[in-house]
Undergrad: 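Would you mind keeping the following structure in view while I ask a few things?
None of these values were measured; they are calculated from a predicted model. Excluded from the calculations below are hydrogen atoms, water molecules and symmetry mates; all remaining heavy atoms, backbone and side chain alike, are included. Numbering of ligands and ligand atoms starts at 1, following listing order.
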Amino acid sequence: MLRKNIRELRQNGITKIAFKRLNDPKVIPLWFGEGDLGTPEYIRQAAKDALDRNDTYYGHTRGKPELRKAISQYLHNLYNVSIDDTRITIPGSAMLSVTMACQMTLDPNSHAIVITPHWPNIDRAISVTGASFDYLRLKQKDGKWSLDLEAVKKIIRPNTRALYINSPSNPTGWVMKKHQQKELLEICRARNITIIADEVYHRMIYDANVAPSFLEVARPTDSVIVINSFSKTYAMTGWRIGWMVTPESLEEQMATISECFNTSAPSFIQSAAITALEKGEETISSLKKRYHTGREIVMQVLGNHPLIELSSPQGAFYAFPRIKGLRSSLEFTQSLLEKENVGVAPGYTFGPTNDDYFRLCFAQSQERLGKALERIVRHVENYSQI
Ligand SMILES: Cc1ncc(COP(=O)(O)O)c(C=O)c1O
């Protein structure tokens, strides 16, 4: 029944590990990209209020005009750019936006580039289109990750139509600099390649208020799709809502394509999202403080360990340590779960040549994180297969 591209899809390594012990109270779960704090009360209340006034009908297929305006205002406040709300679509989650961006730009004759180590869902979203793709790996040197733009030029093919880049990055914490965004944009502009910029961790940056965005460097006519989400910024992962900014003059097409996916995000959730944008700055500051502490603890424990190599993440809320000499990240993470009841994600799922890495999310209380790190270190030291 299934067509080839769907049949060949493989479960990602995060769920492969996590589904076995999901919700097991003995496990300290650091495998998913979310913290241990739920959504703030004022956002939950806004959703309840919306339900009580029967905010439960179909709406505009690109999303509520009031929410699109609020997003436009938010982007203006953050980056001092003017993004007309006709360029904004609210399809549902960022995952859905990524799927739409791939469907909009790729077909079986085209080719895509994925900057890696990367969030594993992107290669599945591309595979479904039938397009081929190559990975381009960030370099890791002297405790820092970096992107080699000359290598990008070399990997481009005549049929390359899209390049996926995520900054701040899951899993490395790498943050792209503005001058590199400009240079990459020039490279892609000259070759008619769409940049799919995944900026869902834009507020999770440790030395600034917000990470550099392609919205600051792209013209409204540039072939750039910027994807963002409420999931990480406001601790709203289960709500499945985010937005995408597309080039100008595509609004009719975006309304039509959105109809084929979820016909926009649920109505009452969009109302709560307006509240998040209007009242959420204090939440963002306190979440950031918490993640900052988490990062410090991880760096203290794992960053100084002789068996571990770890670049300090500049953004997002993950650590991506390499265990020197490790041969199988899947075996390591499975045995960590079995023996020490700590759930982390195996490195192999974040792209090729990561089988000596694992990823953990440090958006946790100091106490839980400290306990988990103690067990991880013990396991690394006792692990016989390195
Ligand atoms: C880089 C990246 N993009 C997108 C997403 C998905 O965001 P959403 O919850 O809005 O689907 C994630 C989730 O982990 C992510 O890490």
Undergrad: I'd like a table of donor-acceptor pairs (distance under 3.5 Å, sequence neighbours excluded) in which one partner is a side-chain atom from residues 100-108, with atom names and distances.
TA:
from : atom 1 : to   : atom 2 : distance (Å)
T105 : OG1    : A101 : O      : 2.8
D107 : OD1    : N109 : N      : 2.9
D107 : OD1    : S110 : N      : 3.2
D107 : OD1    : S110 : OG     : 3.3

Undergrad: Spell out, as yes or no, whether a donor-acceptor pair under 3.5 Å connects the side chain of E199 to the backbone of F214.
TA: yes
Undergrad: So, Y201 versus Y318, ring centres under 6.0 angstrom or not?
TA: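 For Y201 and Y318, the ring centres are under 6.0 Å apart.
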Undergrad: Can a donor-acceptor pair be found between the side chains of T39 and W239 at a distance below 3.5 Å?
TA: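 Yes, side-chain donor-acceptor contact under 3.5 Å.
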Undergrad: What does the list of residues with a heavy atom under 4.0 Å from ligand 1 look like, ordered by chain and number?
TA: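 Ligand 1 pocket, heavy atoms under 4.0 Å: S93, A94, M95, W119, Y164, N166, N170, D198, V200, Y201, S229, S231, K232, R240.
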Undergrad: Does a side chain donor of either N304 or Q300 reach within less than 3.5 Å of an acceptor in the other side chain?
TA: no
Undergrad: Only one of Y135, W119, Y357, F320 passes ring pair (Phe, Tyr, Trp, His ring centres under 6.0 Å) with F350; say which it is.
TA: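 The residue from Y135, W119, Y357, F320 that satisfies ring pair (Phe, Tyr, Trp, His ring centres under 6.0 Å) with F350 turns out to be F320.
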